[in-house]
Amino acid sequence: MLDIRIEKTQNPKPLPTEDNPLTFGTIFTDHMFIMNYETGKGWFDPRIVPYQPLQLEPSSMVFHYGQEMFEGLKAYKTEDNRTLLFRPNKNIERANNTNKRICIPQIPEEDFLQAIKAVVKMDEAWIPTKPGTSLYIRPFIIATDPFLGVRPSDTYMFIIILSPVGAYYKEGLNPVKIWIEDEYVRAVKGGLGEAKTGANYCASLASQVKAHDAGYSQVLWLDGVERKYIEEVGAMNIFFKINGTVVTPMLNGSILPGVTRDSVINLCKHWGIPVEERRISVDELYDAAKSGALEEVFGTGTAAVISPVGELRFENHMLKIGDGGIGELSQKLYDTVTGIQLGKLKDELGWVVEV
Ligand SMILES: *Cc1c(COP(=O)(O)O)cnc(C)c1O
């Protein structure tokens, strides 16, 4: 059990009003959680303090060698005013896997969950209630040794900030257009692809700019070796419905193991829909599209939950998916996952945790 010290803000900010639609990740709540680490001492001084700028040495290792990790999950307000988290232990488990990969010390699972619950409870009034909105929770850890040499840091800060959010894509649940990248790669097996760390996003920026300039909202990555097999989208895992079977790339070491991905696989299995986790090539996808077997394409991630894909572009080939609307399965998955998250549907798989 953490003994969390609490310092309340003296200047509470006005809560966002209902008439300004929320965007993603631009507004932050009144408080944040912080805990420090020192080799030999372990994690210490857990505290909730007013949201404020950090003071760090310019020589802090995180600025130079990128030793940092992050997570993303959401809190939801139910109609009967309870606060729910969705499968937080999956995020915590993944956080410690990321930590292991990039030499950041582990955080005991129960302490991690306690910290999330405490800071969410503190700023509970900030959880928006309009359809499609929620409170995004961003835990992250940074290396803070003031040192310009390459080695794991001996000091860290673990921080949790909170942001009331609306739809991740301005398209909402409308289909997005996706660019299949043939020039750059995001990750390779043995690299950082499985870890939720800023470095992966840094590697993705140039492609994202290119895709945006061409009118596409996200990049779909191919494997880094053969550049043939589909991996995932910028911040989402990807699913295809081909002839009634749901297919998604198997976790191979370079793909981020999404909590939403796992939830979608479990729900499909629960409904008796065949699911295959395997390699899938761009060629197979184009053949499936040509023969009419490709029924739906959608991305999965905490931010957008389910994001239908309406168009894929590979080199000069455009591929329109379905009739440009939202696929039946995509819609059902969106309704079910959000229904469980909001406490509107029975939580048959035991996924929600009350704060
Ligand atoms: C976070 C993330 C996802 C989605 O994971 P969820 O746990 O479903 O939110 C997918 N791909 C990448 C690269 C990510 O960083």
Side-chain angles (χ1 to χ4, degrees), residues 1-16 25 27-63 67-77 81-86 88-89 91-96 98-99 102-128 134-147 152-165 196 353-355:
M1 271 284 278
L2 297 174
D3 185 13
I4 303 174
R5 173 165 67 84
I6 290 176
E7 181 195 330
K8 277 199 176 170
T9 180
Q10 297 304 310
N11 302 296
K13 294 178 272 198
L15 297 176
I27 302 173
F28 300 94
T29 66
D30 278 333
H31 298 91
M32 60 183 178
F33 174 88
I34 307 188
M35 176 160 80
N36 295 76
Y37 180 91
E38 246 178 69
T39 299
K41 194 167 172 185
W43 291 104
F44 65 95
D45 197 14
R47 56 204 187 272
I48 289 172
V49 295
Y51 181 93
Q52 61 193 289
L54 301 173
Q55 275 216 328
L56 290 170
E57 295 275 348
S59 55
S60 294
M61 289 175 85
V62 64
F63 297 136
Q67 197 191 7
E68 81 90 43
M69 64 78 66
F70 68 95
E71 267 301 327
L73 68 163
K74 285 173 168 175
Y76 308 84
K77 205 69 177 162
N81 208 32
R82 290 175 305 137
T83 299
L84 301 180
L85 302 173
F86 184 70
N89 291 94
N91 293 89
I92 294 170
E93 191 190 326
R94 183 173 66 193
N96 276 330
T98 299
N99 288 344
I102 58 176
C103 302
I104 291 175
Q106 300 281 295
I107 297 184
E109 288 199 18
E110 58 280 11
D111 293 352
F112 203 129
L113 185 60
Q114 187 194 347
I116 292 174
K117 284 183 174 180
V119 69
V120 167
K121 191 95 201 157
M122 182 71 154
D123 282 342
E124 212 166 15
W126 286 79
I127 307 176
S134 56
L135 185 71
Y136 186 76
I137 305 167
R138 167 55 58 87
F140 63 104
I141 303 174
I142 52 174
T144 54
D145 276 11
F147 177 55
S153 182
D154 280 317
T155 58
Y156 298 88
M157 285 171 94
F158 171 48
I159 304 174
I160 305 174
I161 55 174
L162 307 171
S163 174
V165 296
K196 214 167 170 75
V353 170
E354 198 165 335
V355 171

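Given the structure is predicted, the values throughout are model-derived calculations rather than measurements.
Within 6.0 Å of NZ on K8 lie no more than 12 heavy atoms contributed by other residues, nucleotides or ligands.
One N or O on the side chain of D145 and one on the backbone of T155 form a donor-acceptor pair closer than 3.5 Å. Without hydrogens or angle criteria, K13 side chain to F28 main chain gives a donor-acceptor distance under 3.5 Å. Side-chain N or O atoms of R138 include one that pairs as donor or acceptor with a backbone N or O of E71 at under 3.5 Å. Side-chain atoms of D45 do not come within 3.5 Å of backbone N or O of N36 as any donor-acceptor pair.
To the nearest 0.5 Å, atoms CG (N99) and CD1 (I92) are separated by 11.5 Å. In this structure, CG on L135 lies 10.0 Å from OH on Y76, to the nearest 0.5 angstrom. Between the CD1 atom in I34 and the CE atom in M157 there is a gap of 4.5 Å [rounded to 0.5 Å]. Note: Y51 OH to D123 CG = 12.0 Å, rounded to the nearest 0.5 Å. Here I159 contributes atom CD1 and M35 contributes atom CE; the two are 11.0 Å apart, rounded to the nearest 0.5 Å. Between atom CD of residue E68 and atom CZ of residue F140 there is a gap of 8.0 Å, rounded to the nearest 0.5 Å.
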For this session: Kindly indicate, with the supporting measurements, whether the criterion side-chain contact (heavy atoms from CB on, under 4.5 Å) is fulfilled by W126 and L162.
Result: CA-CA 9 Å; W126 286 79; L162 307 171; over 6 Å; no
For this session: Take E124 and T83 through the test side chain to side chain donor-acceptor pair (under 3.5 Å) and record every step on the way to the result.
Result: CA-CA 8 Å; E124 212 166 15; T83 299; 2.8 Å; yes
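Using a 4.5 Å cut-off on side-chain heavy atoms (C-beta onward), Y37 and T144 make no contact. Residues I141 and T98 have side chains not in contact (no heavy-atom distance under 4.5 Å, counting atoms from C-beta outward). Within the 4.5 Å cutoff, no side-chain heavy atoms of P58 are placed close to those of F63.
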Quiz: residues 108-121 side-chain donor-acceptor pairs under 3.5 angstrom, not counting sequence neighbours:
from, atom 1, to, atom 2, distance (Å)
Q114, OE1, L2, N, 2.7
Q114, NE2, L2, O, 2.9

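Residues N91 and F86 approach most closely at OD1-O, 4.2 Å, considering heavy atoms. Of all heavy-atom pairs between P50 and M32, the closest is O-CE, 3.9 Å. Nearest heavy-atom pair across K74 and V165 is CE-CG2, 4.2 Å. Here the closest non-hydrogen pair linking S153 and A143 is CB-CB, 3.5 Å. What you find for S163 and I27 is that their closest heavy atoms are OG-O, 2.7 Å. Among all heavy-atom pairs drawn from Q67 and V62, the shortest one is O-CG2, 3.8 Å.
Aromatic ring pairs are classed by plane angle as parallel below 30°, tilted from 30° to 60° and perpendicular above 60°; the pair Y156 and W43 is tilted.
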